[in-house]
Structure formats: structure tokens, C-alpha cells
Number of protein chains: 2
Amino acid sequence: MKLSIDPSSADPLFDQIARGLKRALTTGALGPGDRLPTARDLADSLQVNLHTVLRAYAILRDEGLLEVRRGRGTVVVARAKMLGDARLHRAVANVVSEARRVGLEENELLRLVSDGFRERTEI
Amino acid sequence: MKLSIDPSSADPLFDQIARGLKRALTTGALGPGDRLPTARDLADSLQVNLHTVLRAYAILRDEGLLEVRRGRGTVVVARAKMLGDARLHRAVANVVSEARRVGLEENELLRLVSDGFRERTEI
DNA sequence: ACCTATTTGTCCGTATGTATG
DNA sequence: CCATACATACGGACAAATAGG
């Protein structure tokens, strides 16, 4: 998995790394279930700080592309979650984000969603 | 603007700060256009590291609640941009729609949303 | 049940860069 | 040009989850 970064570039290293990994995902160089190098290993090979790689991993995790777990490392999410559930996943993430934005508690959000489900609301 | 954190708590400091600020927003203690203390000042008064506050600010910025700008500081977004209910309701309607599309039952959807809500407190 | 190694998560401190005023 | 204030990156330390012996 080659991945090159440019320390003299204007855009941040963590962003270059995140984009590089995303590119590897779209080109198929990285596929579902593939294990990524540990953050420390990738940091060493790229000659950047550990935190910089962790931040890049966190970005892709937040986008639903990676599963990052303590003690286990980082793997590309299963194909089922990437494709079939992509829209649902985004919708869930979005509604959680909106709920947080207006300061809703978990049970309040669940109540809203439950109501919405029964009312057969449309977009 | 009082804001208390618990260093011995299990959940992260940056998250406690972010939630505390969000609470101040929903209770009206902080309103549109209000200026927040500089990250360094808040960090000093809370006796935490500068980065911890910056991370909290970044979370709220990503959720559209704050405008964080270099050299200028941090302010609560204008009321016009907060149009909360419309966006939240669209998000709820959307997630219900997506759930139906993939044939989810109500309890399955609620489980997903609940998981999503608890999952992402870190960035 | 215990211990150890691995790996990410958080927090701190410091330095430097960049946009704003 | 200079002060302010956030942005990025580095390094170090410890905590917490995981896996395996």
C-alpha cells in the first residue's frame, strides 16, 4: 500500500493521509476487511507523528469507512456496511448530529424517531 | 458563563466541555453572536490544556454551532444559521425513510440510532 | 484468574505556522 | 509591523480495550 505525502504542501498532513487512504479504497488497493498498518507503523514509515496518523484514521472512521479499535487495530469496514447501508448509515449519523446540535438527549431523539416511524412521514 | 468539568470522570474532558457549552447554548446562557473566551483563557480557567478546549470548540464548529476563526476568536453562529427544528425534522424524516427502504423494523432503527448516539462522543 | 504485549484514546507541553485586526 | 488567536505537528506519558499465553 503505497502512500506518499508532501510535508511542504499547504494542506495538512493528516488530511493528505486521509485522502490517500480514501483513494486506496476507491481504487481497490484497499478492500473490505483489509487490515491497515498500526498507526505507529504507518507514522514511522511516513516519518510523521503517531497523532497525525491517528487523526487521519479517525476522520475515515467518522465517515464510516474504517473500524478503529483499541488493542485490535484498524480494518476497512465490511462491504455490506459500505454499500448497502451507506445511505442509512449517513442518515443515522446525520440525525444524531442534528440532535446533538440542538442539545437533545438520547431518549428525546429516540422518541422523535419512534414517532416519525409510526407516522409514516415522508421527506 | 460557568462551566464545570470533572477530571476524574470517565468521559473525556473535551467532551465534557463541548457538552457544557452546548448546554449553555440551549438554555440561553449563550446566545447567537456571543463571543466565547479565547481557547487559552478558557483552558486556564478550567485548568486544562489549550488543545483540550480547542478540540471542544472544533466539535461545536463541525456541528455548525460556533464560528471559530484564527486571529479573531470564537462566536456563537447567527440565529439564522441555527434554524434547528427544520433541519432536525428533515433528518428524522430522512432516517425513517432510509430505514423503510432497507426494510428495518422500528426497534432495529431505534437500536441503530441509539448506538449512533452513544458511539460518537470523540472526534 | 492473571499477566503481558499490543494498539488506540486522551491529555499535556512545546514549537511553529497562518489568518485577522 | 505587531499583537492576537486558532491550526497543525511533534514528543511524551499514561489510560483503557483487546488478544493471547
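The sequence lines fix the lettering, A, B, ..., with proteins before strands; numbering per chain opens at 1.
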Checklist entry - Which pairs, with at least one residue in residues 27-43 of chain B and sequence neighbours excluded, count as a side-chain hydrogen bond (donor to acceptor under 3.5 Å, both in side chains)? => result Thr38(B)-Asp41(B)

Checklist entry - Who are the side chain to side chain contact (heavy atoms under 4.5 Å, CB included) partners of Ala39(A), not counting sequence neighbours? => result Leu50(A), Val53(A), Leu54(A), Tyr57(A)

Checklist entry - Quick one: Leu60(A) CG to dT8(C) C1', roughly how many Å, whole number? => result 15 Å

Checklist entry - Which residues pass the side chain to side chain donor-acceptor pair (under 3.5 Å) test with Ser4(B), sequence neighbours left out? => result none

Checklist outcome for this item: Min and max contacting nt of DNA chain D in 5' to 3' order, chain A heavy atoms within under 4.0 angstrom, are dT8(D) to dA19(D)

Donor-acceptor contacts under 3.5 Å from residues 42-49 of chain B side chains, at least two apart:
{"unit_1": "Ser45(B)", "atom_1": "OG", "unit_2": "Leu42(B)", "atom_2": "O", "d": "3.2"}
{"unit_1": "Asn49(B)", "atom_1": "OD1", "unit_2": "His51(B)", "atom_2": "N", "d": "2.9"}

Item to check | Contacts of type side chain to side chain contact (heavy atoms under 4.5 Å, CB included), residue Lys22(A), not counting sequence neighbours | outcome: Leu60(A), Glu63(A), Leu65(A)

Checklist outcome for this item: Apart from Val75(B) itself, members of its ILVMFWY cluster (side-chain separation under 4.5 Å) are none

Next on the checklist: Counting primed atoms plus P, OP1 and OP2 as sugar-phosphate and everything else as base, spell out the protein contacts along nucleotides 11-21 of chain C at 4.0 Å heavy-atom distance: B, S or - for each nucleotide, 5' to 3'.
Outcome noted: BBBB--BBBBS

Item to check | Nearest-Å distance for atom pair CG/P, residues Leu36(A) and dT6(C) | outcome: 20 Å

Item to check | Contacts of type side chain to side chain donor-acceptor pair (under 3.5 Å), residue Ser97(A), not counting sequence neighbours | outcome: none

Checklist entry - Between Glu106(B) (side chain) and Phe117(A) (backbone), is there a donor-acceptor pair under 3.5 Å? => result no

